[in-house]
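Let me begin by presenting the structure, written as structure tokens, before commenting on it.
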Number of protein chains: 2
Amino acid sequence: MEHRIEKIKKQLHSQSYKLTPQREATVRVLLENEEDHLSAEDVYLLVKEKAPEIGLATVYRTLELLTELKVVDKINFGDGVSRYDLRKEGAEHFHHHLVCVECGSVEEIEEDLLTEVEVQVERDFGFQVKDHRLTFHGICRNCQAQSEDDE
Amino acid sequence: MEHRIEKIKKQLHSQSYKLTPQREATVRVLLENEEDHLSAEDVYLLVKEKAPEIGLATVYRTLELLTELKVVDKINFGDGVSRYDLRKEGAEHFHHHLVCVECGSVEEIEEDLLTEVEVQVERDFGFQVKDHRLTFHGICRNCQAQSEDDE
DNA sequence: ATGATTGCAAAGAATTTGCAGCGAG
DNA sequence: CTCGCTGCAAATTCTTTGCAATCAT
């Protein structure tokens, strides 16, 4: 974990930004909750536990900065809020999500399922793909099992 | 076009909703601007041209209703606003988008590129896919041509 | 000193809600 | 008459901004 902080620190420095205590606290919260998809407010509340003097605006500004640096990806699952998702180490592309319409759980898929599809898009549409967003909506394993029980 | 309105009318009636003049005007705007990705405000302004007495809240309520009925899909390209996109006739799944990061243009892809990927997801993750959202970010044909010119 | 960064409070934008009036069946 | 639907204005929610104070170099 420390080495990921170091890496982010370098990324900031390379663009002459600093890793201030507030920014570091924010990054740590993101690292510690890597599986979740936190909203700015969520991050704010968690950061506040460690650094109570931080302001919500700073969290927003930090998340924006991290988005610019592609340390995090800003996503939107359709509720009104933006959520922030750390990029996996070395990931060139954004990972995919499985959103369960029953229970609302969100699972992540690391593997890039789109390599072929992207080739197809570049070939057929002349569109040079830089990144993608892919989310599946459906029913997760758990909820499928539950509805079988009901029968 | 009239028959698409009829169809939507039936869909509404089947859930005991009515196709009021305001709702009809809203649907017509969506049909007439099928290629665009209008925000609620956009729709409001266009509807207002035909039916100046309509209120923004009604547009929101109508779009919400149409989303529920899966007549439209609510999407979000990362700017702060929700956009509404008519489902193509008979389309079971949401279509895909190519968003150009240079000029902001949005192209639509009708073909379902994900059939195989969905099989894979169901098999490998036990997730029963109902629908998907797929957006590619990259550089469109035009902007590619332009940057070649610059060189 | 200089310029980046912060916290606070205020502003802003998008969307939702409360409510009285209207309108179709 | 009843009940869904509407328009308006107010309220909410999420996010951004202005600004003076603070911090690091």
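Computed from a predicted model, the values in this text were never measured in an experiment. In what follows, chains carry the letters A, B, and so on, assigned in the order in which the sequence lines appear, proteins first and then strands, with residues in each chain numbered from 1.
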Open item on the list: Quick check: closest heavy atoms across B/R141 and A/F125, and the distance to 0.1 Å?
Closed with: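 Answer, listing the atom of B/R141 first, then A/F125: NH2-O, 3.0 Å.
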TODO: Write down the atom of A/S82, the atom of A/N76, and the distance for their closest heavy-atom approach.
DONE: OG-ND2, 4.0 Å
Task: B/K88 atom NZ: more than 12 heavy-atom contacts under 6.0 Å - done: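 More than 12 within 6.0 Å, yes.
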Ignoring hydrogens and angles, write down the donor-acceptor pairs under 3.5 Å from the side chains of residues 94-105 of chain A, residues two or more places apart or on other chains.
unit_1 : atom_1 : unit_2 : atom_2 : d
A/H95  : NE2    : A/D85  : OD2    : 2.9
A/H95  : NE2    : A/H97  : NE2    : 3.4
A/H95  : NE2    : A/E108 : OE1    : 3.4
A/H95  : NE2    : A/E108 : OE2    : 3.4
A/H96  : NE2    : A/E111 : O      : 3.4
A/H96  : NE2    : A/L113 : N      : 3.3
A/H97  : NE2    : A/H37  : NE2    : 3.0
A/H97  : NE2    : A/D85  : OD2    : 2.9

Open item on the list: Connecting only ILVMFWY residues whose side-chain heavy atoms lie within less than 4.5 Å of each other, what is the rest of A/V81's hydrophobic cluster?
Closed with: none
- [ ] Using chain B heavy atoms and a threshold of under 4.0 Å, write down where along DNA chain C the contacts begin and end, 5' to 3'.
- [x] C/dA14 to C/dG18
Task: Value rounded to 0.5 Å, distance of CG in A/L45 from CD in A/E41 - done: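 Between A/L45 CG and A/E41 CD, I get 5.0 Å after rounding to 0.5 Å.
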Task: side chain to side chain donor-acceptor pair (under 3.5 Å) pairs, two or more places apart, involving residues 14-26 of chain B - done: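 Every pair satisfying side chain to side chain donor-acceptor pair (under 3.5 Å) with a residue in residues 14-26 of chain B: B/E24-B/R28.
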Task: End-to-end axis angle, where each axis spans five pairs of the helix from C/dA1-D/dT25 to C/dG25-D/dC1, to 10° - done: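 About 20°, once rounded to a multiple of 10°.
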Pairs touching [range] that satisfy salt bridge (Lys or Arg N to Asp or Glu O under 4.0 Å), sequence neighbours left out:
{"range": "residues 112-126 of chain A", "answer": "none"}
{"range": "residues 44-60 of chain A", "answer": "A/E32-A/K50"}
{"range": "residues 3-16 of chain B", "answer": "B/R4-B/E34, B/K7-B/E89"}

Task: Value in whole Å for how far the P atom of D/dT25 lies from CG of A/L19 - done: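 Between P of D/dT25 and CG of A/L19: 12 Å.
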Nucleotides 11-15 of chain D: which of its N/O atoms have a protein N/O under 3.5 Å away?
unit_1 : atom_1 : unit_2 : atom_2 : d
D/dT15 : OP1    : A/S82  : N      : 3.1
D/dT15 : OP1    : A/S82  : OG     : 3.2
D/dT15 : OP2    : A/Y60  : OH     : 2.5
D/dT15 : O5'    : A/Y60  : OH     : 3.2

- [ ] Could you tell me which residues satisfy salt bridge (charged side-chain N to carboxylate O under 4.0 Å, His left out) with B/D131, sequence neighbours excluded, listed by chain and number?
- [x]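 So B/D131 forms a salt bridge (charged side-chain N to carboxylate O under 4.0 Å, His left out) with B/R87.
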Taking N or O atoms only and anything under 3.5 Å, show me the protein contacts with nucleotides 4-6 of chain D, one pair per line.
unit_1 : atom_1 : unit_2 : atom_2 : d
D/dC5  : OP1    : B/K18  : N      : 3.3
D/dC5  : OP1    : B/R23  : NH1    : 3.0
D/dT6  : OP1    : B/T20  : OG1    : 2.5
D/dT6  : O3'    : B/Q22  : NE2    : 2.9

Task: Listed once per pair and sorted, the ring-ring contact (aromatic ring centres under 6.0 Å, His included) pairs that draw on residues 49-72 of chain A, sequence neighbours left out - done: none
